[in-house]
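Right, one structure below, let's go through it.
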Amino acid sequence: MRPRLLHHDRDLAFDGAPASRKRRAPEVPHSARVLAQDLELDTLVAAMARGDPFVGDVCERILLDPLVDPASIRYRQQVLRDCLAHPDVVRQLYALASSSIERARKVSWGFMPRRPEAIVRHSHDVFHTFLASFRLLRRLADEHAEHFAAPGFTAFFATIRRELDDAFLAEVEQHLHELRFEEGVWSSARLGSGNRGSDYVLRRPARPDLSAWARLWRWWRRPSRNGVTTLTYRLHPRDEVGLRALSEVRDRALEGFANVLAQATDHVLGYFHALRAETAFYVGCLNLSERLRELGATTCMPEPRAWQEGARAGAGLFDPCLTLRVGHPVVDNDLAADGAGLVIITGANQGGKTTFLRSVGLAQLMMQSGLFVAARSYRASAATGVFTHFKREEDATMTSGKLDEELARMSLIADALTPGSLLLLNESFAATNEREGSEIARQIVQAVTEAGAQVCFVTHLTDFARDRFERDRRTTRFLRAERQPDGTRTFKLRAGAPERTSHGVDLYLTIFDGDDASAGPAAQDGAATTKAEQTGSTK
Amino acid sequence: MADGENVTGPSVLHHEADVPRAREREQARERAEAPACFGDLHLDQVIATITKGRDAYRLRPFFHVPLADADAVAYRHEVFRDLADEALRAHVEAFAGAMRSLRECSAQAGVLRDANQRRRLRLDAASTYCTAVTRLARALHHAELHSRGLRRLASYLRVYVASDPFTALQAETARIGRQLDAVRYDLTLYPDRVAVRKGTDGADDGAGVGRTFARFAEQPTAPRAAAVPPSFAMNMVESAILERLTRLYPEVFVDLETFAERHGDYLDPTVTAFDREVQFYLAYLDYMARFEDAGLGFCFPAVSSDKAVRVTGAFDAALAHALLEEGGMVVCNDFHLSGEERIFLVTGANQGGKTTFARMVGQVHFLASLGCPVPASRAEVCLFDELLTHFEKVEDLDLLRGKLQDELLRLHELLERATPRSILIVNEVFASTTADDARYLGRRVLNRLLKLGLVGVWVTFVEELASFDPRIVSVVSTVDPANALRRTFKLLRRPADGHAHALAIAKAHRLTYDELRSRLRS
């Protein structure tokens, strides 16, 4: 019995349960940490968390562990649509799971005892809180099941109504009574190694619901009155050593039973942990959706495609993190890169190139997590991995050590890169001179695209970009950050051929400063692009 | 059998009729230091690895005493060959395991307060002993044995297990054990008292909860409850329960009480000696297996009557062990002396394996003298009265004059002790003096060695020493002919050729820099 709201066939790999954190919390891979940093995922996660660190943690892990199969993505999208239609129920489920875990934790002050007798006492109290949770869960399912359409939710509610039926609730109550051991612990044993008692087996003394008369009858017929020799060892009530020794023997007699109880507790808690984690993600989605709507941004449910289709196109694509940070809608862009193995983005500094690259990366991660995306419409092939290689601002010096560092990072990516990956390069390999940087870029991009990965490359390496433009316009798309003739930026990207390097012009301008003022930026642009190039680069 | 008139039966380590004297000799060495050559030859590491985890058997002394004659070596080879049989070895290992648990049992019994518990442990120990000895006797009886050592032991045990004291011990431990195993009792545990009754059988009534909550079970979780306190001793309530059981089942516990009085010290000295001595073989076989898994063979060396030495595919066991742990490649080498030849003179590239070669020759000879297989694919070696070594000591480098003096004194001392039957291994002496001095001193000392006629290894940078006498065999550490920077760690019999390699090492460092650059551009 599992929630299965995130995957139709398996649990979330991480649910924050203390036991499972040790056993199976997957390490966030290095490349995913880099990705989160480069895409400024923190901003998105903070909006999803809305002050609940657990929600933030779950959302971040899910965003960084994207789904690959379009059908699995659609499974989550359907669940999410139900959530968006019934936000209250989803928040109630999350609250129920959280409080069940919290109440169980309060019973033991956060510690799970290890001594069997203590486990038995503890389990009694924990089961008591569970019983309340089971009843509440049943009520939620009975009331709301019919309003939910997603296969994930339908199965979820059906399971609760089937497994937490009245018979089950009655059984739990019965066990709660037995766990008090009001008539002492009855046990059978034999002599083990060193004449110690071993193979303790718990015996049920009698049916606890006996009437008073039946109890009296049983007392009258007790073994010691019927020829069975009973030798009793009685301790002085203040003999602390003796009482401790006696409790050790009780521990040995209860050990097997305590393990059964502890396991049952763990299993039930495991369910609530899974429920909490899975609903936490959808609570995060609700939080984000509500916040973006407040800010007036438009989102849509994307169309996930298989990688082979090479789909990547959308309208009104924007960077949600930027929107969340500045608090109002930001410039959006269109993208038409279906079937393109490589997208090269060039153009003016501060022209919105990096923001655009982030919006592509975020849309990919959000789509593959089952989230809506920040766009009016979007379709894309699901990638087997998303990798970023961004210029590191902190070490902007042009030294060989810097290139070394850049290539070391690239080499780490190459270790993890699979065919079907999406690689976002932001001013990579610029830590050397242009010719060498271009050569490195040419070789790496060639190798990566031939290996079947898709590359989006924001670059100033004109040698590389021009070369690509001349040799391969079929599978490469060229975008250029727009700049008005007067130098102002619109932050819009247009299909456009890469400009020629402006070093010569700049140099001329610097050396001949003021001699020929009219040959300014306009001349530069005019020299850079021809009509034919413009048309060749559009789809 | 063990009735005082013939307390010592056969030994698997000693072929002499007079086993006690051989053991005495060994015990004399027990407290003594390892032979002086152990550090230089890294035999200390080898022996430490072999005996690791078997400290209780005090095996090291066995490895400190070289055997004097070929028959003693053959006696141990025979046992090694018999124990190479997996089935027989498993029986011996099982016997050793049982003897270990017997000792643990007895040690436990010594510290327990509760008399009923103490007696039970003594009974269990005796029962373990009887089973172990019977099984071993039966296994040896059915095995096809070729070694004198194990055959002698087999016939000794055959008599022993049929002897009256042993059969009586066996029968009684079994009977009392069966009675104790049949004891069942019921407890009712209240907060302040416990009721004890004779027991009944029945199902576990505690499983119902597990069934109720099974619907939540996704995967089994580790058991968490831990009731058993770390100590083996019983607490006062357990003692009280046990005391009440002695009243409920008096006939069982009276037998147990008198058992210890009737059977005191029942361990047979020959059996216990075998338990210890056979570990020499088991430890060594385990050690060999580690190498054989990696394709590095050991072989039984032949013992030559003259001073012929003919070894192929040998390796330094200590180095190879370290390399295998790191996943490195082990290079094997050959060496042989025939006719008049007596001394290996080793020259060649630095870090090319010269010292390793010297150690290897020493190890092969020493291990052979213990009656053990040696790390080589084929070997013929000579036995020695003493294996003498002198390896350069780096720590005294600042006292140049004192060092040369030290070396000469030390060599003098070694030569005083050396006989024609000794083996002498000298590594890099006179490195602190001028080349002329080194040549002169080397020649003088070598002449004395040749006069003695002992077998030796001399590692030096003075290449001229390699060719001044036909009894000296020149061995050279070689490099890859295609790439002068790559050492092969192969040492070959050939004239010393006088290559300088210091420059090449510097080049090697530049090469790694180029490698780095090419990697950045790919």
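All values derive from a computational prediction rather than experimental measurement. In what follows, chains are A, B, ... by sequence order, proteins preceding strands, each numbered from 1.
Environment of NE2 in A:His128: sparse, with no more than 12 heavy atoms of neighbouring residues, nucleotides or ligands closer than 6.0 Å. For B:Arg103, the CZ atom is densely surrounded, since the number of other residues' heavy atoms within 6.0 Å is greater than 12. A:Glu240 CD: 12 or fewer foreign heavy atoms inside a 6.0 Å radius.
Proximity to chain A is limited to the side chain of B:Asp124, based on heavy atoms less than 4.5 angstrom apart. Contact annotation for A:Asp199: neither backbone nor side-chain heavy atoms come within less than 4.5 Å of a heavy atom of chain B. For A:Tyr200, the part lying near chain B is the side chain, with the backbone staying farther off; criterion is any non-hydrogen pair under 4.5 Å. Of the two parts of A:Phe134, only the side chain, counted from C-beta on, holds a non-hydrogen atom closer than 4.5 Å to a non-hydrogen atom of chain B. For chain B, no part of A:Phe181 is nearby; none of its heavy atoms comes within less than 4.5 Å. Neither the backbone nor the side chain of B:Tyr249 comes within less than 4.5 Å of any heavy atom of chain A. Neither the backbone nor the side chain of B:Asp114 comes within contact range of chain A; no heavy atoms are under 4.5 Å apart. Both the backbone and the side chain of A:Ala189 have a heavy atom closer than 4.5 Å to some heavy atom of chain B.
Ranked by heavy-atom pairs shorter than 4.5 Å toward chain A, the options B:Leu189, B:Asn235, B:Leu187 are led by B:Leu189. Between chain B and the options A:Val241, A:Val249, A:Leu246, A:Leu235, the largest number of non-hydrogen pairs under 4.5 Å is found for A:Leu246. When A:Thr159, A:Leu243, A:Leu231 are compared by the number of non-hydrogen pairs under 4.5 Å with chain B, A:Leu231 comes out ahead. The candidate from B:Ala182, B:Gly210, B:Ala240 with the greatest count of non-hydrogen atom pairs under 4.5 Å with chain A is B:Ala240. Interface check for chain A: of the options B:Ile241, B:Leu248, B:Leu256, B:Val209, the most heavy-atom pairs under 4.5 Å are formed by B:Val209.
Contact check on A:Arg138 versus A:Asp166 returns a salt bridge, with a Lys/Arg side-chain nitrogen under 4.0 Å from an Asp/Glu carboxylate oxygen. The pair A:Glu248-A:Arg244 fails the salt-bridge criterion, with no side-chain N (NZ, NE, NH1 or NH2) lying under 4.0 Å from an Asp/Glu carboxylate O.
The side-chain hydrogen bond (donor to acceptor under 3.5 Å, both in side chains) test with A:Asn195 is passed by exactly one of B:Arg118, B:Gln117, B:Arg120: B:Arg120.
A side-chain donor-acceptor contact under 3.5 Å links A:Arg252 to the backbone of A:Gly197.
Ring-plane geometry between A:Tyr271 and B:Phe216 is classed as perpendicular, the angle between the planes exceeding 60 degrees on a 0 to 90 degree scale with a lower cut at 30. B:Phe166 and B:Tyr129 have perpendicular rings, their planes meeting at more than 60° on a 0 to 90° scale where under 30° would count as parallel.
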